[in-house]
Number of protein chains: 2
Amino acid sequence: MPDSTIYEVARLAGVSIATVSRTLRGTGPVSAATREKVLRAVEELRFTPSRLGVSLAEGRHAANGIVFPDLSGPYFGEVLLGYEEVAAELGRSVLILSTRDRAGVPETVKDLATRVDGLVVFGQTLPDALLTELIDSGLPMVMLAREAHPGTEAVRSENADAAEALTVHLIAHGHRAFALAGGHDEGDVSERWTAVARTLGEHGITAPRPVECPYTVEGGHEAGLELLKARPDVVMCADDQVALGVILAAEELGLSVPGDVAVTGWDDIMAARHARPALTTVRQPLRELGAAAARLLDELIAGAEPTATTRVLATDLVIRASCGAHQVHPPEEQ
Amino acid sequence: MPDSTIYEVARLAGVSIATVSRTLRGTGPVSAATREKVLRAVEELRFTPSRLGVSLAEGRHAANGIVFPDLSGPYFGEVLLGYEEVAAELGRSVLILSTRDRAGVPETVKDLATRVDGLVVFGQTLPDALLTELIDSGLPMVMLAREAHPGTEAVRSENADAAEALTVHLIAHGHRAFALAGGHDEGDVSERWTAVARTLGEHGITAPRPVECPYTVEGGHEAGLELLKARPDVVMCADDQVALGVILAAEELGLSVPGDVAVTGWDDIMAARHARPALTTVRQPLRELGAAAARLLDELIAGAEPTATTRVLATDLVIRASCGAHQVHPPEEQ
DNA sequence: ACGGGCAGTGGAAGCGCTTACAGCCCAGAG
DNA sequence: CTCTGGGCTGTAAGCGCTTCCACTGCCCGT
């Protein structure tokens with residue numbers, strides 16, 4: 001049962017396609033009688049305008065894209081959720097593209113770009129050259145979890161202050177031998193490590209070099225086994241998953257957390273709260289991140305000039321047991 | 001800088017748009033010299049064919065949709081990842097739609113339906129009437145985590161056998177007073193409860209009515225507070241998040257898990273492994289679920305007749321500490 | 001009684017592409 | 001030296017919709 005077209009509706013209603021279009025979109029005047037005929041025909045034919053036709057004529061897709069590396073952890077999923085929700089409110093569909101471990105990303109992204117009115121890209125996901133090419137093509141873009149590129153808007157969550165606060169907290173607990181798990185030379189994580197290093201320096205402690213590892217439990221586990229040989233007082237981790245892996249490694253090595261070694265994460269994923277020991281971490285407003293990106297993109301699509309400004313969303317330090325602050329909290333609310 | 005069209009390329013290359021199209025798609029013969037001219041023009045104009053034009057002419061979108069309730073837990077994210085990966089391999093984009101707590105779902109779904117060649121729908125997400133309407137419209141559809149609807153294909157993971165095995169395991173551990181957290185009258189969960197009830201019956205145990213609750217940690221927490229008043233031996237939960245909530249509730253009530261009460265989950269999400277006690281659960285092949293759905297949908301789109309068959313993917317019983325089997329496992333691999 | 005204005009409608013030109021079909025030209029066969 | 005058959009290319013007809021513009025009556029004011 002092939003979908004009916006506006007022509008069939010027009011014929012059945014005995015009017016022109018122009019009138020059908022006007023009736024359905026509420027643009028231009030249509031007499032009550034005609035409107036009635038058209039609606040009856042639409043009903044009978046179960047007519048739904050072809051998106052392709054509409055988009056081609058309107059010159060817009062009414063769809064947004066988003067590019068992210070992965071969806072495995074809770075991080076991207078939450079952001080995506082916030083993004084999709086706002087996009088839906090704004091009447092736009094959402095096309096997704098995951099790049100992790102995938103070949104042919106540039107081609108796929110370019111294809112995606114032809115299907116949307118604008119694109120949100122997670123910081124470290126796309127090579128700079130590709131980014132520039134997309135921007136130059138005039139596609140509205142917003143960057144997530146990274147500083148704005150010229151010609152874009154950006155939104156990320158606060159890193160430096162929280163990192164400093166966390167570091168100060170750890171120092172106050174008497175920790176001196178720091179280890180950092182999960183390195184990266186750009187984006188959110190590097191900002192945090194920079195702030196950590198500065199803060200440590202201010203307290204006369206030499207900052208260690210972060211140990212590279214994938215942002216997964218397994219990655220943290222391996223990095224942990226390596227790092228813990230040096231018996232640090234505390235391992236600060238790039239994210240919660242890495243931290244969970246480090247805790248696992250500590251258990252394996254017979255080290256108690258936080259007794260022998262403290263561990264901290266970042267993000268405050270669900271598992272952080274249920275881990276034992278519960279994870280000290282920094283809560284990011286993940287959903288708001290996605291929502292903000294969707295709104296910024298919408299403005300850009302609506303014609304706003306890109307200002308290359310980076311919005312910064314506030315984060316919260318969440319102290320739990322894994323850092324050695326033994327205080328017990330009442331059950332937390334969602 | 002508006003994108004250039006095939007007309008401009010044709011003009012610049014001094015040929016017709018038909019030749020440009022043939023050159024770019026590799027359909028029909030084109031002389032080497034002409035090809036060269038065209039490619040040079042394409043290069044110079046940075047021409048990319050408009051997806052809209054192509055799709056309208058081809059009569060297909062080269063895009064798939066997927067409808068799911070939420071992306072908060074790890075469950076849907078993993079499935080989505082598997083889906084998107086396979087869809088990308090098949091050269092199709094993915095449009096997503098989340099329905100959780102959202103008004104106007106029918107309209108939004110219908111809009112989505114006009115943008116894709118086929119749709120994957122999670123079981124309990126859409127009302128039956130809407131489902132039927134979509135199927136009747138001729139849209140290829142596959143159901144996820146639910147029995148096939150007439151006119152569709154379906155894929156879900158095994159429930160009954162695993163539920164029975166889990167129940168038998170718990171009975172063997174001496175548990176007799178069962179409680180069930182997280183009810184639902186359709187889809188995966190109800191299949192599990194049915195199998196649990198049957199198995200309990202075969203052992204002379206009367207099955208309790210499942211207590212309804214949202215499939216979240218908070219939902220499990222509340223249900224747990226309620227359920228645990230009756231001091232069951234074991235609480236079987238609809239999924240891992242609910243189980244984590246129940247464990248939280250038990251802690252609050254001063255009950256030790258699994259000492260005073262055993263708890264089991266379902267899904268084997270990441271947090272299940274890192275919870276203390278680690279959660280006994282059933283592992284679902286989430287990514288494979290999504291991948292299988294994508295492949296089935298592709299066949300349907302390619303013209304295969306829907307058989308209303310439900311594929312069943314195998315699951316694994318994962319015994320950890322929370323059910324009272326005190327054996328210690330070596331660290332698990334991903 | 002007459003002209004202006006406007007509500008209501010249809011015609012037709014795109015939007016950017018694919019592809020059936022027809023035409024042209026040239027080499028090789030007869 | 002014709003004739004034929006490819007190889008290559010262009011023309012044009014869609015694909016389904018929006019919207020500008022022109023046109024027809026009809027109501028009203030004067």
Side-chain angles (χ1 to χ4, degrees), chain A residues 1-39 41-42 45-63 91 110-111 113-117 137-138, chain B residues 1-39 41-42 45-63 91 110-111 113-117 137-138:
Chain A
M1 175 181 324
D3 284 333
S4 44
T5 73
I6 198 173
Y7 288 96
E8 309 173 29
V9 175
R11 186 149 36 82
L12 182 59
V15 300
S16 75
I17 60 166
T19 299
V20 175
S21 178
R22 274 188 294 254
T23 305
L24 261 27
R25 326 195 96 216
T27 134
V30 177
S31 76
T34 307
R35 176 196 286 25
E36 189 59 28
K37 281 190 301 182
V38 169
L39 292 184
V42 165
L45 265 39
R46 303 173 155 287
F47 170 71
T48 310
S50 148
R51 182 76 240 171
L52 254 17
V54 174
S55 285
L56 191 56
E58 282 185 337
R60 61 177 217 131
H61 299 271
K110 285 181 195 166
D111 176 80
T114 66
R115 301 169 167 272
V116 298
D117 300 317
S137 81
Chain B
M1 176 181 326
D3 285 330
S4 45
T5 73
I6 198 174
Y7 289 96
E8 308 172 31
V9 175
R11 186 148 36 81
L12 182 58
V15 300
S16 75
I17 60 167
T19 299
V20 174
S21 178
R22 276 188 292 254
T23 305
L24 261 26
R25 329 193 92 216
T27 133
V30 177
S31 76
T34 307
R35 174 195 291 15
E36 190 57 29
K37 281 190 302 183
V38 170
L39 293 182
V42 165
L45 263 39
R46 301 175 155 285
F47 169 71
T48 310
S50 148
R51 183 75 240 174
L52 254 18
V54 175
S55 285
L56 191 56
E58 282 185 338
R60 62 179 217 129
H61 298 271
K110 285 180 196 168
D111 176 79
T114 66
R115 301 169 167 272
V116 298
D117 299 317
S137 81

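Lettering follows sequence order; numbering is per chain, from 1.
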The criterion is side chain to side chain contact (heavy atoms under 4.5 Å, CB included); which residues satisfy it with Ile6(B), sequence neighbours excluded? Ile17(B), Val20(B), Ser21(B), Phe47(B)
Would you indicate whether the side-chain heavy atoms of Val30(A) and Lys37(A) approach each other to under 4.5 Å? no
Hey, is the main chain of Arg22(B) close enough, under 3.5 Å, to the side chain of Thr27(B) for a donor-acceptor pair? no
Enumerate the residue pairs fulfilling side chain to side chain donor-acceptor pair (under 3.5 Å) with a member in residues 6-17 of chain B, sequence neighbours excluded, ordered by first and then second residue. Ser16(B)-Thr19(B)
Listed partners of Thr34(B) passing side chain to side chain donor-acceptor pair (under 3.5 Å), at least two apart: Ser31(B)
Produce the list of close N/O pairs, under 3.5 Å, pairing protein atoms with atoms of nucleotides 13-20 of chain D; give distances to one decimal.
| residue | atom | partner | partner atom | Å |
| --- | --- | --- | --- | --- |
| dG16(D) | N2 | Gly53(A) | O | 3.4 |
| dC17(D) | OP1 | Ser50(A) | N | 2.8 |
| dC17(D) | OP2 | Ile6(A) | N | 2.4 |
| dC17(D) | N4 | Tyr7(A) | OH | 3.0 |
| dT18(D) | OP1 | Arg25(A) | NE | 2.8 |
| dT18(D) | OP2 | Ser21(A) | OG | 2.6 |
| dT19(D) | OP2 | Arg25(A) | NH1 | 3.3 |

Set of residues satisfying salt bridge (charged side-chain N to carboxylate O under 4.0 Å, His left out) with respect to Arg51(A), sequence neighbours excluded: Glu58(A), Asp111(B)
Need the bend value for the helix from dA1(C)-dT30(D) to dG30(C)-dC1(D): angle between end axes, 5 pairs each end, nearest 10°. 50°
Heavy atoms only, 4.0 Å cut-off, all strands: where does Ser55(A) land among base, sugar-phosphate and nothing? nothing
Hey, is the main chain of Ser137(A) close enough, under 3.5 Å, to the side chain of Arg46(B) for a donor-acceptor pair? no
Determine: side-chain N/O of Thr34(A) to OP1/OP2 of dT9(C), distance under 4.0 Å, yes or no. yes
dT9(D) phosphate, OP1 or OP2: any side-chain N/O from Ser31(B) under 4.0 angstrom? yes
Apply side chain to side chain contact (heavy atoms under 4.5 Å, CB included) to Leu56(A) and list each qualifying residue two or more places apart in sequence or on a separate chain. Leu52(B), Leu56(B)
